[in-house]
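Notes follow once the structure below has been shown.
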Amino acid sequence: MSKNTEHAEKALTCIDKMKEGLSELVALLDIAADTFGEMDRLETYKSINHTLSRWQEKYEGFLNEQGQSFTQAM
């Protein structure tokens, strides 16, 4: 396995973890009370998720070009 392929696979694993954590943060939001100014953070979380999705597409595209496929262990 090439160094770049290994890097892409590790990056995809990290991106999945980051997306999972971000989803958990959003699930915790109490927008009704907004005690912690969570409405302001919601847009930031959306932006982060969008960025993660773009990175994910690039890494997956690289692996596809290399004839690899990233299979996530559940």
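Below, all heavy atoms of this structure are taken into account, side chains as well, without hydrogens, waters or symmetry copies.
Using a 4.0 Å cut-off between charged side-chain N and carboxylate O, Glu43 and Lys46 make a salt bridge. A salt bridge between Arg54 and Glu57 is absent, with no side-chain N of the basic residue lying under 4.0 Å from a carboxylate O of the acidic one.
Contact detail for Gln56 and Ile15: the closest heavy-atom pair is N-CD1, 3.8 Å.
Taking CG of Asn49 as the start and OH of Tyr45 as the end, the distance is 12.5 Å to the nearest 0.5 Å. Taking CH2 of Trp55 as the reference point, atom CE of Met18 lies at 5.5 Å (rounded to 0.5 Å). Residue His7 holds its NE2 atom at 10.5 Å from CG of Leu63, rounded to the nearest 0.5 Å. We find the CD-CG distance between Glu38 and Leu28 to be 8.0 Å, quoted to the nearest 0.5 Å. Expressed to the nearest 0.5 Å, how far CG of Leu12 lies from CD of Glu9 amounts to 8.0 Å. Note that CG of Leu25 is 11.0 Å distant from CG of Leu42, once rounded to the nearest 0.5 Å.
Judged purely by atom type and a 3.5 angstrom limit, Arg41 uses its side chain to pair as donor or acceptor with the backbone of Phe36.
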